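Worksheet for the structure shown next.
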Amino acid sequence: YDVTNSFHLSSSYSKVSLSLFNAIIVRGSINERDCFFGKTEKCISVGQKFFKPDFLYKNSIIEFFGDFWHKNPQTYDIDEEIWGKDAQRINALISLGYNVKIVWETDFNANKEKTIVECLNFLGVKL
C-alpha cells in the first residue's frame, strides 16, 4: 500500500472533528508532524481505490462519522448504500493492518471528555 499526499482528492472534514483531533494532540502531547488530519490528510491506496483517513497516527486511524453524512443508526433509518461504503472503507483499512476506531458525532457532542480519553487510550497515548 502507499501513503501519499492527496492533493487530487477533495478534503472533507468538519470543524467538530477538528476540535476532537486538536484536543487529542494537545492532551496527548502528540507532535503534529506525527499525525495527519484536516488539511494534512494522507491518502492510502488499496489497489485502485483511495482512502483518506480522518485522523492517522502511527498505525491507528480514527474515523469521525458525522451523524448526517454517515446516517447515524441512532437517528436515521437503514441506509445500506452509505453503511456499505463505510464498511468497505473500514475493512480495507483493517486489511492493511491499521487499527480503526469510529467516533460518532453524537457521542462526541454528548461527552467530549470521555471521547477524547477513549481516543487517547485507543492510540496508546499515556495520560
Side-chain angles (χ1 to χ4, degrees):
Y1 66 96
D2 181 30
V3 178
T4 60
N5 285 323
S6 55
F7 296 110
H8 62 285
L9 296 177
S10 65
S11 290
S12 58
Y13 49 88
S14 68
K15 290 179 183 177
V16 177
S17 69
L18 292 181
S19 69
L20 169 61
F21 301 146
N22 284 318
I24 289 170
I25 287 171
V26 171
R27 291 280 303 277
S29 299
I30 296 172
N31 186 326
E32 280 190 64
R33 288 176 275 152
D34 294 336
C35 57
F36 304 94
F37 67 100
K39 291 182 180 179
T40 64
E41 285 179 323
K42 294 292 182 178
C43 185
I44 298 173
S45 65
V46 182
Q48 296 298 314
K49 294 194 180 259
F50 296 89
F51 301 100
K52 288 174 33 179
D54 293 332
F55 185 91
L56 173 62
Y57 176 69
K58 297 183 181 179
N59 206 42
S60 296
I61 291 171
I62 298 173
E63 289 290 293
F64 190 93
F65 280 8
D67 293 334
F68 174 77
W69 294 108
H70 293 273
K71 302 296 183 207
N72 188 331
Q74 296 175 27
T75 308
Y76 293 91
D77 291 333
I78 294 172
D79 191 319
E80 292 180 18
E81 181 181 354
I82 289 175
W83 293 349
K85 287 180 182 177
D86 287 340
Q88 179 185 28
R89 172 187 176 92
I90 299 306
N91 289 334
L93 295 169
I94 290 171
S95 75
L96 294 175
Y98 289 99
N99 301 308
V100 180
K101 177 176 181 56
I102 296 169
V103 173
W104 282 98
E105 179 182 10
T106 294
D107 297 334
F108 178 62
N109 287 331
N111 193 334
K112 289 179 175 52
E113 178 63 20
K114 178 182 176 192
T115 304
I116 293 165
V117 170
E118 286 175 353
C119 288
L120 289 168
N121 287 333
F122 168 76
L123 296 171
V125 175
K126 303 290 183 204
L127 295 175

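The figures that follow rest on heavy atoms only: side chains count, while hydrogens, waters and symmetry mates do not. No experiment lies behind these values; they were computed from the predicted model shown. If you read the sequence from its start, that first residue is 1, and numbering goes on from there.
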State, yes or no, whether a side-chain contact exists between [X] and [Y] at a heavy-atom distance under 4.5 Å.
X	Y	result
Pro73	Trp83	yes
Lys101	Ser60	no
Leu20	Val16	no
Val117	Arg27	yes
Glu63	Pro53	yes
Ile62	Phe37	no
Leu123	Phe55	yes

Which heavy atom in [X] sits nearest to a heavy atom in [Y], and how many Å separate them?
X	Y	result
Thr40	Cys35	OG1-O, 4.2 Å
Gly38	Leu18	CA-CD2, 3.8 Å
Asn59	Gly97	ND2-O, 2.6 Å
Leu96	Ser45	CD1-O, 4.4 Å
Glu105	Asp67	OE1-N, 2.9 Å

From [X] [atom1] over to [Y] [atom2], what is the distance, rounded to the nearest 0.5 angstrom?
X	Y	atom1	atom2	value
Ile61	Asp54	CD1	CG	9.0 Å
Ile44	Lys49	CD1	NZ	15.0 Å
Gln88	Asn91	CD	CG	8.5 Å
Leu120	Tyr57	CG	OH	10.0 Å
Phe21	Leu56	CZ	CG	11.0 Å
Ile90	Phe51	CD1	CZ	9.0 Å

Could you give me the CA-CA distance, side-chain angles and deciding distance for Ile82 and Asp86, then say whether side-chain contact (heavy atoms from CB on, under 4.5 Å) is met?
CA-CA 6 Å; Ile82 289 175; Asp86 287 340; 3.8 Å; yes
Give a yes or no on this: more than 12 heavy atoms of other residues, nucleotides or ligands lie within 6.0 Å of atom NZ of Lys85.
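Result for NZ/Lys85: open.
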Criterion side-chain contact (heavy atoms from CB on, under 4.5 Å) on Asp107 and Asn111, from CA distance to verdict:
CA-CA 6 Å; Asp107 297 334; Asn111 193 334; over 6 Å; no
When the ring planes of Phe108 and Phe64 are compared, do they come out parallel, tilted or perpendicular, using 30° and 60° as the limits?
perpendicular
Could you state whether Val103 and Val26 fall into the same hydrophobic cluster, counting links through intermediate Ile, Leu, Val, Met, Phe, Trp or Tyr residues with side-chain heavy atoms under 4.5 angstrom apart?
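Val103 and Val26: separate clusters.
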